[in-house]
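Below, each value reflects all heavy atoms present in this structure, side chains not excepted, and no hydrogens, waters or symmetry copies.
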Amino acid sequence: MKKLLSIFVLAAVPLSLLAQEKTLVWEENFDGSLLNMDNWSYETGDGCPNICGWGNNERQIYNKDYVAVKDGNLVITADKVGDKYYSGKINTKDKHEFKYGTFEIRAKVPGGNGIWPAIWMLGDNISEVGWPASGEIDIMEFVGRQPDTVHTTLHTPASHGNSVNTKVTGVDKITDDFHTYKIDWDENAITFYIDQKVVYTFSPEVKDDETYPFRHPFYFLLNMAVGGNFGGPEVDDSIFPEKFWVDYIRVYQ
């Protein structure tokens with residue numbers, strides 16, 4: 001009887017949960033009133049002279065004054081001052097980098113034509129091998145010109161950096177509230193979730209440095225671009241200022 005009971009208990013627990021039980025190894029809750037510089041670094045400027053427009057003809061100038069911590073949230077603001085656009089961008093490069101695991105972020109995106117908030121990751125070897133050889137994991141990209149849609153994308157050398165390995169998912173009234181964005185990542189596949197629902201799995205048949213450059217540590221980036229090849233090209237100046245809210249980041253391994 002005891003044996004039958006134990007079999008029943010195990011059967012009642014999804015095997016996926018048993019296999020995926022992980023430990024919280026890092027979290028950022030954006031407590032206090034200042035950005036924790038032990039976790040983050042600012043990226044500033046317009047990308048010039050090396051990659052003007054950040055490689056996408058973006059219009060914003062990144063400035064740390066447009067990054068704030070308020071009420072337990074990171075708040076990135078995009079605004080137009082005079083004839084220039086400003087916004088914020090931060091990363092965990094050389095401070096917190098991760099290889100494999102479950103990564104969950106709770107965030108609220110703003111609406112409006114021309115904005116482009118993103119939650120993403122880059123390979124820690126980007127300074128040595130460049131992009132896209134480093135690989136790029138776009139956990140969430142939202143472009144205001146495409147209301148109620150989320151882009152989840154992977155950039156690889158095999159795709160020449162283009163958005164080939166991607167999925168566009170509809171999320172009704174996305175700008176009204178916070179949503180959770182998550183990936184499960186291991187040596188063979190990356191699975192994307194929105195509000196705990198699987199929306200895309202990437203697992204190429206051949207896995208090498210060209211097709212699956214995701215077998216080394218990656219770091220986080222959070223930003224909100226303005227305009228550009230993806231976010232624009234038209235920008236509705238009447239929407240500014242706009243705010244991108246991030247509640248938390250959790251990493252399980």
Side-chain angles (χ1 to χ4, degrees), residues 24-46 54 58-82 84-98 103-122 138-144 147-148 150-151 171 173-183 193-196 219-228 231 235-252:
L24 179 67
V25 297
W26 184 69
E27 64 179 327
E28 169 63 275
N29 293 304
F30 300 107
D31 295 325
S33 58
L34 297 173
L35 187 67
N36 185 344
M37 301 312 295
D38 290 335
N39 293 339
W40 301 95
S41 298
Y42 295 103
E43 291 191 30
T44 59
D46 59 5
W54 300 101
E58 298 163 26
R59 302 190 192 186
Q60 79 285 344
I61 300 169
Y62 286 124
N63 185 304
K64 66 180 183 178
D65 293 341
Y66 291 81
V67 178
V69 174
K70 181 179 180 181
D71 299 328
N73 294 276
L74 173 75
V75 185
I76 296 178
T77 301
D79 202 0
K80 187 177 185 183
V81 181
K84 295 182 178 180
Y85 299 92
Y86 293 90
S87 188
K89 182 178 184 181
I90 58 175
N91 69 64
T92 65
K93 190 175 190 300
D94 298 326
K95 296 182 177 180
H96 293 284
E97 300 174 341
F98 306 94
F103 305 76
E104 181 177 284
I105 303 93
R106 184 172 184 263
K108 182 177 183 291
V109 298
N113 196 45
I115 54 154
W116 174 10
I119 302 164
W120 50 305
M121 304 181 78
L122 283 173
D138 295 329
I139 299 172
M140 186 285 299
E141 291 182 288
F142 174 75
V143 286
D148 300 332
V150 172
H151 295 255
V171 180
K173 298 180 180 179
I174 188 173
T175 60
D176 288 357
D177 205 349
F178 284 82
H179 296 272
T180 57
Y181 305 95
K182 184 175 78 171
I183 61 168
Y193 302 75
I194 300 176
D195 295 329
Q196 308 305 324
Y219 61 90
F220 283 104
L221 301 99
L222 303 171
N223 72 291
M224 180 157 54
V226 177
V235 178
D236 179 5
D237 290 344
S238 69
I239 67 174
F240 295 108
E242 287 286 4
K243 297 183 183 299
F244 175 33
W245 301 75
V246 181
D247 181 13
Y248 63 74
I249 301 174
R250 294 172 184 164
V251 179
Y252 303 84

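- Put simply, the side chain of Tyr85 reaches to within 4.5 Å of the side chain of Val235, judged on heavy atoms.
- Once rounded to the nearest 0.5 Å, the distance linking CG of Leu122 with CD of Glu97 reads 10.5 Å.
- For the pairing with Val246, the side chain to side chain contact (heavy atoms under 4.5 Å, CB included) check across Val75, Ile105, Val109 returns one residue only, Ile105.
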Practice task
Apply side-chain contact (heavy atoms from CB on, under 4.5 Å) to Met121 and Phe103, showing your working.
Solution key: CA-CA 11 Å; Met121 304 181 78; Phe103 305 76; 3.9 Å; yes
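- Contact detail for Ala107 and Ile119: the closest heavy-atom pair is CB-CD1, 4.0 Å.
- Scanning all heavy atoms of the two residues, the minimum distance from Phe142 to Pro110 falls at CE2-O, 3.1 Å.
- Residues Lys108 and Asp177 approach most closely at CG-O, 3.6 Å, considering heavy atoms.
- Checked by atom type and distance alone, the side chain of Asn73 pairs as donor or acceptor with a backbone atom of Asp71 at under 3.5 Å.
- Inter-residue side-chain proximity for Glu27 and Glu104 is flagged as unmet; no heavy-atom pair is nearer than 4.5 Å.
- Between Tyr66 and Tyr86, the ring planes lie parallel to each other; the angle is under 30°, not in the 30° to 60° tilted range.
- Taking the side chain as every heavy atom from C-beta outward, Trp26 and Ile249 approach each other to under 4.5 Å.
- No donor-acceptor pair under 3.5 Å is formed between the side chain of Asp31 and the backbone N or O of Gly72.
- In this structure a side-chain-to-backbone donor-acceptor pair under 3.5 Å is missing from Lys89 to Thr44.
- Nearest heavy atoms, Ile239 versus Gly111: CD1-O, 4.2 Å.
- Inspection of the Tyr219 and Asp94 side chains reveals no N or O donor paired with an N or O acceptor under 3.5 Å.
- The side-chain heavy atoms of Asn223 and Ser87, taken from C-beta on, include no pair separated by under 4.5 Å.
- With a 6.0 Å cutoff to the six-membered ring centre and a 45° limit on the axis angle, Arg250 does not count as a cation-pi contact of Tyr252.
- Of all the heavy atoms in Gly32 and Val69, the pair that sits closest is O-CG1, 3.4 Å.
- Ring-plane geometry between Trp40 and Phe30 is classed as parallel, the angle between the planes falling under 30 degrees on a 0 to 90 degree scale with a further cut at 60.
- To the nearest 0.5 Å, the span separating CG on Leu74 from CG on Asn36 amounts to 12.0 Å.
- With hydrogens and angles left out, the side-chain atoms of Asn91 and Glu43 include a donor and acceptor closer than 3.5 Å.
- Without hydrogens or angle criteria, Gln60 side chain to Val226 main chain gives a donor-acceptor distance under 3.5 Å.
- No side-chain heavy atom of Tyr62 sits less than 4.5 Å from a side-chain heavy atom of Tyr42.
- Scanning both residues, Glu242 and Met224, for their nearest heavy atoms gives O-CE, 3.4 Å.
- How far CG of Asp79 is from CG of Asp237: 10.0 Å, rounded to the nearest 0.5 Å.
- Note that NE2 of His151 and CH2 of Trp116 are 10.0 Å apart. Values are rounded to the nearest 0.5 Å.
- Checking side-chain atoms of Asp148 against main-chain N and O of Lys173 turns up a donor-acceptor pair under 3.5 Å.
- Remark: Tyr181 OH to Ile139 CD1 distance equals 11.5 Å, nearest 0.5 Å.
- By the neighbour-count criterion of 12 heavy atoms within 6.0 Å, atom NZ of Lys95 is densely surrounded, having more than that number from other residues, nucleotides or ligands.
- In this structure, the separation between CG on Leu222 and CE on Met140 is 8.5 Å, given to the nearest 0.5 Å.
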